[in-house]
Amino acid sequence: MEGDAIIIGGGLSGLAAGWHRQRRGEQVQVLDRQDNPGGVVQTVELQGYRVEAGPNTLMLNDRRVMELIEQVGLTDRMLEAAPDAAKRFLVKDGDVIAAPLSPLQLWQTTLFSKAAKLQLLHEPLQGKHDGRGEESLADFIRRRLGDEWLDQAVQPIVSGVYAGDPEKLSVRHAMPSLYQLEQDAGSLLLGGILKLFRPAPNRMKRKLISFRHGIGELPRALGEKLGQSYAGGVEITQLSQTGSGWKACWRCDHGNGEEREMEARELVLAIPAYALATLPLAPELRKELLCLAEIPYAPVNVVALGFDRSQVKHPLDGFGMLIPDREGQPVLGSLFSSTLFPARAPDGKVLLTSFVGGRLHSERAAAVDRDLVDLVMSSLRDLLGVTGDPEFQHMVRWERAIPQLELGHGQFLDRIARLEQRWHGLHITGNFRHGISASQCLLAGC
């Protein structure tokens with residue numbers, strides 16, 4: 001069989017790459033080790049609860065992502081987050097406090113001292129980075145806003161997004177929008193105002209969405225649209241460069257089926273960085289890919305617990321809570337999943353999804369199931385007033401959940417670019433290169 005592209009990996013990037021090319025009339029083959037498409041994007045339905053094993057929401061802020069949703073027939077199944085989800089909570093001194101969403105709320109909030117609030121007014125007066133060496137996210141925030149903003153706001157947000165350490169994350173690569181604001185306007189505040197009047201191409205009004213049966217509907221729909229061009233549960237036995245492109249050989253049913261092969265002009269690798277060098281490639285290319293295994297990943301455990309509504313004192317009137325590390329709680333944060341979207345829990349019940357581990361406390365991710373539930377329950381009792389034991393529990397362990405775009409990450413990106421130039425027809429994509437959000441993964445594939 002001959003075609004235009006062989007795509008290795010059935011996560012969002014690989015699926016989007018396959019669908020985008022197929023719509024252009026190309027002959028593609030997406031090969032995935034997992035039985036079901038989606039990678040970490042999976043929705044589990046158990047005992048009337050709907051649990052997200054990976055991302056819980058999709059930030060819809062780009063018209064190209066909306067077009068993809070329309071193309072795969074999910075427009076009518078799309079759900080926008082409940083109005084209450086606009087409210088976010090941060091923990092300070094054991095209190096769960098709503099984060100300010102307006103200048104007036106910012107001035108009134110007890111989350112930050114008066115000195116920290118006044119520091120915002122001085123932010124435009126701070127100069128740009130001197131350009132000597134790469135700057136961590138922590139140093140960037142300290143320089144522009146001070147320690148209090150770093151400890152009380154940025155660090156927990158980074159835990160919620162990357163499960164990462166702001167002292168190690170590169171501001172340029174992990175938070176490129178903040179980095180660019182300083183580059184464009186010399187100020188986060190002035191840059192933000194300027195951005196309002198110069199919106200980026202393809203931008204649309206931000207919506208936080210899911211689907212009736214969870215985020216997992218999206219990769220399933222992409223897999224169905226690809227049809228026979230998607231093959232899950234395969235064992236790849238050979239990937240080799242030919243005179244005109246690339247050749248792949250694989251067996252279906254995890255190696256128990258017949259062997260198939262395909263030749264194509266291009267090879268797209270859309271799997272995690274640490275897995276690239278495990279592919280059956282030529283030794284020379286595998287050796288070059290081996291350096292990408294040095295990109296660190298943070299371990300994260302997803303702990304979903306269900307309760308009767310009467311067991312939770314907090315009104316759960318928001319997206320969830322983020323917990324600064326200095327609070328000493330064992331949980332990075334918790335989402336109020338049953339508030340976000342309907343039918344996430346049975347009537348009269350609530351679902352709370354908590355996250356344990358991360359770059360700062362990887363040892364917690366190694367806890368056995370019982371201890372993991374105890375860790376989460378200790379935080380939920382302290383902060384949300386939860387009583388009794390959970391009626392439902394489901395855990396998902398990701399030993400390497402989220403790539404960490406840390407200081408020096410640019411060297412990995414340069415290495416990838418050189419590899420693509422040297423190996424004709426090779427493309428490498430994924431969240432370690434183009435951004436970790438679900439939307440960024442879809443756009444990277446396209």
[X] [atom1] to [Y] [atom2] distance, which is reported to the nearest 0.5 Å:
X	Y	atom1	atom2	result
Leu285	Arg422	CG	CZ	8.5 Å
Ile141	Gln155	CD1	CD	12.0 Å
Leu58	Leu208	CG	CG	8.0 Å
Phe307	Leu316	CZ	CG	10.0 Å
Ser354	Leu305	OG	CG	6.0 Å
Leu276	Ile428	CG	CD1	6.0 Å

Heavy-atom pair with the smallest gap, counting every atom of [X] and [Y]:
X	Y	answer
Phe112	Leu106	CD1-CD1, 4.3 Å
Glu259	Cys249	OE2-CB, 4.0 Å
Gln105	Ala99	OE1-O, 4.2 Å
Asp32	Pro37	OD2-CA, 4.2 Å
Asp35	Tyr230	O-OH, 3.9 Å
Gly3	Met262	CA-CE, 3.4 Å

Ion pair [X]/[Y], N-O distance below 4.0 Å:
X	Y	result
Lys225	Glu70	no
Glu406	Lys168	no
Glu391	Lys349	yes
Asp317	Lys87	yes
Lys247	Glu261	yes
Glu134	Arg172	no

Checking side-chain hydrogen bond (donor to acceptor under 3.5 Å, both in side chains) against Glu26, which of Arg23, Arg24, Gln22 comes through?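 Checked Arg23, Arg24, Gln22 against Glu26; only one passes side-chain hydrogen bond (donor to acceptor under 3.5 Å, both in side chains): Arg24.
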
Centroid separation His173 to Tyr179 less than 6.0 Å: no

Could you tell me if Thr429 and Ser13 have a donor-acceptor pair between their side chains, going purely by distance under 3.5 Å? no

Give a yes-or-no answer on whether the side chains of Gln180 and Ser177 include a donor-acceptor pair shorter than 3.5 Å.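 No pair is found: no donor N or O on one side chain lies under 3.5 Å from an acceptor on the other.
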
Below 4.5 Å, heavy atoms only, C-beta onward: do [X] and [Y] meet side chain to side chain?
X	Y	answer
Leu222	Leu68	yes
Asn431	Pro272	no
Glu123	Leu145	yes
His434	Leu443	no
Arg433	Leu413	yes
Leu79	Ile209	no
Leu267	Ile8	yes
Glu294	Leu292	no

Say whether, by atom type as modelled, one donor and one acceptor occur between the side chain of [X] and the main chain of [Y] under 3.5 angstrom.
X	Y	value
Arg88	Ala85	yes
Arg381	Ser379	no
Gln152	Val91	yes
Trp19	Gly445	no
His20	Cys446	yes
Arg50	Ala343	yes
Gln404	Tyr162	yes
Asn202	Asp62	no
Ser338	Leu351	yes
Ser439	Met59	yes

Counting only heavy atoms not in [X] (residues, nucleotides, ligands), do more than 12 fall under 6.0 Å from its [atom1]?
X	atom1	result
Arg260	CZ	no
Asp76	CG	no
Glu399	CD	no
His213	NE2	yes
Lys92	NZ	yes

Which residue pairs pass the ring pair (Phe, Tyr, Trp, His ring centres under 6.0 Å) test with at least one member in residues 29-75, sequence neighbours excluded? Tyr49-Phe392

Return each pair, listed once, that meets salt bridge (Lys or Arg N to Asp or Glu O under 4.0 Å) where at least one residue sits in residues 210-222; pairs must be two or more places apart or across chains. Arg77-Glu217

Check against ring pair (Phe, Tyr, Trp, His ring centres under 6.0 Å), Phe432 and Phe412: CA-CA 9 Å; Phe432 58 90; Phe412 295 116; 9.2 Å; no

Side chain to side chain donor-acceptor pair (under 3.5 Å) between Thr353 and Ser337: does it pass, once the steps are laid out? CA-CA 6 Å; Thr353 304; Ser337 301; 2.7 Å; yes

Go through the steps for Val303 and Phe355 under the test side chain to side chain contact (heavy atoms under 4.5 Å, CB included), then give the verdict. CA-CA 6 Å; Val303 183; Phe355 305 92; over 6 Å; no

Distance-only check: which donor-acceptor pairs under 3.5 Å involve side-chain atoms of residues 383-390, not counting sequence neighbours?
from   : atom 1 : to     : atom 2 : distance (Å)
Thr387 : OG1    : Gln311 : O      : 3.4

Can you classify the ring geometry of Trp423 versus Trp246 as parallel (below 30°), tilted (30 to 60°) or perpendicular (above 60°)?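 Ring orientation, 0 to 90° scale: tilted.
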
Step by step, work out the side chain to side chain contact (heavy atoms under 4.5 Å, CB included) result for Val396 and His394. CA-CA 7 Å; Val396 183; His394 181 75; 3.8 Å; yes

Stepwise side chain to side chain contact (heavy atoms under 4.5 Å, CB included) test for Leu188 and Arg144: CA-CA 8 Å; Leu188 303 184; Arg144 300 214 65 86; 4.0 Å; yes

Taking it one step at a time, do His427 and Glu420 satisfy side chain to side chain donor-acceptor pair (under 3.5 Å)? CA-CA 6 Å; His427 305 283; Glu420 290 177 335; 4.6 Å; no

